[in-house]
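Since the structure is predicted, the reported quantities are computational estimates derived from the model, not experimental observations. The first residue in the sequence is number 1, and the count goes up from there.
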Amino acid sequence: MAHIKNEAAYRAALQRIEELLPQVNDDTPINDKNYLELDMLSDMVEEYEEKYYPIHSPSLVDTLRLRMYEMGLNQAKLAELLGISCARISEIISGKGEPSLKTCREISRKLNIDPAIVLGV
């Protein structure tokens, strides 16, 4: 299979995908030329993006801040919800300290954050 070698080719592939999308749907046969071209270009773009535009897992700090915003919590309310001190939550949110295993469980359970994010795996 061919590869996208530069940004110009990447942009051209994205443009062609945009042109093909209205022509292909769930009922399009898999041997249709537009379907095949779209499938091939999509794979090439995905490979290029994984190399040049990787998406990393969010950090616990970023996720905590987002969840605090979503739930309308300040640090004091978050500390109360998790059963830890305000100073301790401040350390965790500033990145100066790591939560204990017990606190990790509470963060995951009470804030509905994926354990993999909480544990940094």
Side-chain donor-acceptor contact under 3.5 Å, Tyr35 with Gln23: no
Validation row: Tyr10, Tyr52 side chains within 4.5 angstrom (heavy atoms): no
From CD (Glu80) to SG (Cys86), nearest 0.5 Å: 8.5 Å
Candidate pair Thr28 and Asn34, rule side chain to side chain contact (heavy atoms under 4.5 Å, CB included), full reasoning: CA-CA 9 Å; Thr28 305; Asn34 291 328; 5.9 Å; no
Verdict with supporting geometry, Ile84 and Ile92, side chain to side chain contact (heavy atoms under 4.5 Å, CB included): CA-CA 11 Å; Ile84 59 177; Ile92 294 168; 4.1 Å; yes
Trace of the side chain to side chain contact (heavy atoms under 4.5 Å, CB included) decision for Val24 with Asp39: CA-CA 10 Å; Val24 177; Asp39 187 49; over 6 Å; no
Euclidean distance, Thr103 OG1 relative to Lys110 NZ, rounded to 0.5 Å: 10.0 Å
Distance-only polar pair, side chains of Asp62 and Ser59, donor-acceptor under 3.5 Å: yes
Spatial distance of atom CG (Asp32) from atom CG (Asn25) [nearest 0.5 Å]: 9.5 Å
Asn112 CG to Arg67 CZ distance, which is reported to the nearest 0.5 Å: 6.0 Å
Any side-chain heavy-atom pair of Asp114 and Ser108 under 4.5 Å: no
Straight-line distance of Glu37 CD to Glu19 CD, nearest 0.5 Å: 8.5 Å
Side chains of Leu41 and Leu14 in contact at under 4.5 Å (non-hydrogen atoms): no
Glu91/Glu98 under side chain to side chain contact (heavy atoms under 4.5 Å, CB included): CA gap, chis, key distance, verdict: CA-CA 8 Å; Glu91 287 176 2; Glu98 295 288 326; over 6 Å; no
Pairwise distance CG(Leu66) to CE(Met71) - rounded to 0.5 angstrom: 11.0 Å
Minimum side-chain heavy-atom gap Leu20-Arg16 below 4.5 Å: yes
Over all atoms of both residues, closest heavy-atom pair of Glu7 and Tyr48: OE1-OH, 3.1 Å
Ile17 and Val45, any side-chain heavy atoms less than 4.5 Å apart: yes
Heavy-atom closest contact (Leu101 atom, Leu119 atom, distance): CD1-CD2, 4.4 Å
Close side-chain approach of Ile93 and Leu78, heavy atoms under 4.5 Å: yes
Side chain to side chain, Leu81 and Leu111, heavy atoms closer than 4.5 Å: yes
Note, His3 side chain near Met44 side chain (heavy atom, < 4.5 Å): no
Neighbour count >12 (heavy atoms, 6.0 Å) for atom OH, Tyr69: no
